[in-house]
Asker: 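Take a look at the following structure, please.
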Amino acid sequence: MQLADFFAIDKLSQHDEELLIQSAMQLQQIMMLYEAGIREIKTKLDILSDESHLSGKPSPIDSIKSRIKTPRSIINKLKRRGYPISLQSMMENLNDIGGIRVICPFIEDIYTVADMLIRQDDLTLIERKDYIENPKPNGYRSLHLILQVPIFLSDRTQPVRIELQLRTIAMDFWASLEHQLRYKADVEVPARISDDLKACADVIAATDEEMQRIAKELHVL
């Protein structure tokens, strides 16, 4: 089943029409699994936030965003990594088809939310990358988790992997603007500009630490 078929509809013969319909239905079913996986994890996050509000404590979650990769984005990533362009290859080799971004007020909140999810019996931690303790060379900071969640269908249970990115408000501010600047630039970003962006990331990280110190002094954390 080739994902590339979806981008060559005009080249398909009458004989291939049924194959295209079948492929489209299978892709739709697979994307439904990832949407279900996102809903399962978002429900757990909503419960954590609601529990905090009921106990009178500040919620460790400021906002939650989610997305499903587009078929074209999936194909491009499979090509870059040298994987076959197929639905099976997509599910086996990519961990970020379904993604959730959790924005937290403070750094400590990130680890609170992550620990809560990892303790859930029906979630399996596949991978953990801590770019807060070990930032990327460009200054990017975030905690990345790959979680496997079971989706209970009428005839089977299908495990699905969902990527979580957990950031503070400040980390998300920098990452969003840095991405926009690089994406919208018509030329390759010069090294001196990359250094400036890294310096901004370091300033924001120091501010994050200071805001957390103040929150603890005020007994907010």
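Nothing here was measured: the structure is a model prediction, and the numbers come from that model. Basis for what follows: all heavy atoms, side chains included, without hydrogens, waters or symmetry-related copies.
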Asker: Are the side chain of Gln212 and the backbone of Glu108 linked by a donor-acceptor contact shorter than 3.5 Å?
Answerer: yes
Asker: At what distance, to the nearest 0.5 angstrom, does CD of Glu40 lie from CD of Gln120?
Answerer: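 It comes to 10.5 Å.
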Asker: Is any side-chain heavy atom of Val102 less than 4.5 Å from a side-chain heavy atom of Cys104?
Answerer: yes
Asker: Do Ile162 and Val160 have side chains that approach each other closer than 4.5 Å (heavy atoms only, starting at C-beta)?
Answerer: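 Result yes, sub-4.5 Å side-chain heavy-atom pair found.
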Asker: May I ask you to check whether over 12 heavy atoms, not counting those of Asp155, lie within 6.0 Å of atom CG?
Answerer: yes
Asker: Does some side-chain heavy atom of Val149 sit less than 4.5 Å from a side-chain heavy atom of Pro159?
Answerer: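 Pro159 vs Val149: side chains apart.
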Asker: Hey, what do you get for CG (Asp109) to CG (Leu166), rounding to the nearest 0.5 Å?
Answerer: 10.5 Å
Asker: Do Gln165 and Arg101 meet the criterion of a side-chain donor-acceptor pair at a distance under 3.5 Å?
Answerer: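 Side-chain D/A pair, Gln165 to Arg101: present.
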Asker: Heavy-atom count around Glu51 CD within 6.0 Å, excluding the residue itself: above 12?
Answerer: no
Asker: Does a side-chain N-to-carboxylate-O contact under 4.0 Å join Arg213 and Glu217?
Answerer: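 A salt bridge is present here (some side-chain N lies under 4.0 Å from a carboxylate O).
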Asker: Should the pair Asp172-Arg141 be classified as a salt bridge under the 4.0 Å nitrogen-to-oxygen rule?
Answerer: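 Result for this pair is no, no salt bridge flagged.
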Asker: At their closest point, which heavy atom of Ile85 faces which heavy atom of Leu78, and how far apart are they?
Answerer: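 Taking Ile85 first and Leu78 second, the nearest heavy atoms are CD1-CB, 3.6 Å.
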Asker: Is it the case that more than 12 heavy atoms not belonging to Met211 sit under 6.0 Å from its CE atom?
Answerer: no
Asker: Tell me, with the steps shown, if Arg39 and Tyr34 meet side chain to side chain donor-acceptor pair (under 3.5 Å).
Answerer: CA-CA 9 Å; Arg39 283 201 304 271; Tyr34 287 102; over 6 Å; no
Asker: Any carboxylate oxygen within less than 4.0 angstrom of a Lys/Arg side-chain nitrogen, looking at Lys44 and Asp122?
Answerer: yes
Asker: Hey, quick one: are Leu27 and Ile68 part of the same hydrophobic cluster, counting side-chain heavy atoms closer than 4.5 Å, chains of contacts allowed?
Answerer: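 Yes: a chain of side-chain contacts under 4.5 Å links Leu27 to Ile68.
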Asker: Roughly how far apart are Arg182 CZ and Glu188 CD, rounded to 0.5 Å?
Answerer: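 Output value for this atom pair is 9.0 Å.
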Asker: Which pair of non-hydrogen atoms, one from Ser52 and one from Ser59, has the smallest distance, and what is that distance?
Answerer: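 That closest heavy-atom pairing would be CB-CA, 3.8 Å.
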Asker: Enter the distance from Thr112:OG1 to Leu48:CG here, rounded to the nearest 0.5 Å.
Answerer: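 Going from OG1 on Thr112 over to CG on Leu48, the span is 8.0 Å.
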Asker: Could you tell me if the side chain of Ile97 sits less than 4.5 Å from the side chain of Met31, heavy atoms only?
Answerer: yes
Asker: Do the side chains of Leu45 and Thr43 get nearer than 4.5 Å, heavy atoms only?
Answerer: no
Asker: Using the rule that two of Ile, Leu, Val, Met, Phe, Trp, Tyr join whenever any of their side-chain heavy atoms come within less than 4.5 Å, decide whether Ile214 and Ile107 are in one cluster.
Answerer: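 No, Ile214 and Ile107 fall in different hydrophobic clusters.
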Asker: Group every Ile, Leu, Val, Met, Phe, Trp and Tyr by side-chain heavy-atom contacts under 4.5 Å, then state whether Leu197 and Val203 land in the same group.
Answerer: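 Leu197 does not cluster with Val203.
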Asker: According to a 4.5 Å side-chain heavy-atom criterion applied to Ile, Leu, Val, Met, Phe, Trp and Tyr, with indirect links allowed, do Leu125 and Ile151 form part of one hydrophobic cluster?
Answerer: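 As far as the 4.5 Å side-chain criterion goes, Ile151 and Leu125 are connected within one cluster.
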Asker: List the steps, then state whether side-chain contact (heavy atoms from CB on, under 4.5 Å) holds for Leu181 with Val189.
Answerer: CA-CA 9 Å; Leu181 291 169; Val189 176; over 6 Å; no
Asker: In the structure I gave you, are the side-chain heavy atoms of Lys42 and Ser66 within less than 4.5 Å of one another anywhere?
Answerer: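 Yes, side chains in contact.
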Asker: Tell me whether Ile110 shares a hydrophobic cluster with Trp174, the cluster being built from Ile, Leu, Val, Met, Phe, Trp, Tyr side chains joined at under 4.5 Å.
Answerer: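 No; tracing contacts between hydrophobic side chains, which count when under 4.5 Å, never links both residues.
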Asker: When you compare the side chain of Thr168 with that of Ile103, does any pair of heavy atoms fall below 4.5 Å?
Answerer: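 A side-chain contact is absent here, since even the closest heavy-atom pair is not under 4.5 Å.
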Asker: Arg67 and Ile38: which non-hydrogen atoms are nearest, and at how many Å?
Answerer: O-CD1, 3.6 Å
Asker: Around atom NZ of Lys136, are there more than 12 heavy atoms from other residues, nucleotides or ligands closer than 6.0 Å?
Answerer: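 Enclosed: over 12 neighbouring heavy atoms sit under 6.0 Å from NZ of Lys136.
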Asker: Could you please spell out the steps behind the side-chain contact (heavy atoms from CB on, under 4.5 Å) verdict for Arg128 and Ile118?
Answerer: CA-CA 11 Å; Arg128 177 187 179 114; Ile118 293 169; 3.6 Å; yes
Asker: If you measure from CZ on Arg167 to CG on Asp62, what distance do you get to the nearest 0.5 Å?
Answerer: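 Going from the CZ atom of Arg167 to the CG atom of Asp62 covers 13.5 Å.
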Asker: Might you work through the side-chain contact (heavy atoms from CB on, under 4.5 Å) test for Ile30 and Leu87, ending with a clear yes or no?
Answerer: CA-CA 8 Å; Ile30 289 173; Leu87 297 178; 3.8 Å; yes
Asker: Give the minimum heavy-atom separation between Met171 and Ile204, together with the two atoms involved.
Answerer: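 Answer, listing the atom of Met171 first, then Ile204: N-CG2, 4.4 Å.
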Asker: For the residue pair Arg81 / Ser89, report whether a side-chain donor-acceptor contact shorter than 3.5 Å exists.
Answerer: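 No - no donor-acceptor pair under 3.5 Å links their side chains.
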Asker: How many angstroms lie between atom CG of Asp96 and atom OG of Ser73, to the nearest 0.5 angstrom?
Answerer: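 Those atoms lie 7.5 Å apart.
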Asker: Under the side-chain contact (heavy atoms from CB on, under 4.5 Å) rule, what do Asp130 and Tyr111 come out as? Steps first, then yes or no, please.
Answerer: CA-CA 10 Å; Asp130 192 337; Tyr111 296 102; 2.9 Å; yes
Asker: Should the ring pair His144 and Tyr131 be called parallel, tilted or perpendicular, given that the plane angle runs from 0 to 90° and is split at 30 and 60?
Answerer: perpendicular
Asker: Answer yes or no: are there more than 12 heavy-atom neighbours, outside Tyr83 itself, under 6.0 Å from its atom OH?
Answerer: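 Yes, enclosed.
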Asker: Could you report the tightest heavy-atom contact between Ala114 and Leu145, atom names first, then the distance?
Answerer: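 Shortest heavy-atom contact: CB-CD1, 3.9 Å.
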Asker: Could you check whether Lys198 pairs with Asp202 (Lys NZ or Arg NE/NH1/NH2 to Asp/Glu carboxylate O, under 4.0 Å)?
Answerer: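 Answer for the salt bridge query: yes.
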Asker: Between Glu127 and Arg161 (salt bridge meaning N to carboxylate O under 4.0 Å), is one present in this structure?
Answerer: no
Asker: Locate the shortest heavy-atom distance separating Pro105 from Pro60; write the atom from each residue and the value.
Answerer: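 In this case the closest contact between Pro105 and Pro60 is CD-O, 3.4 Å.
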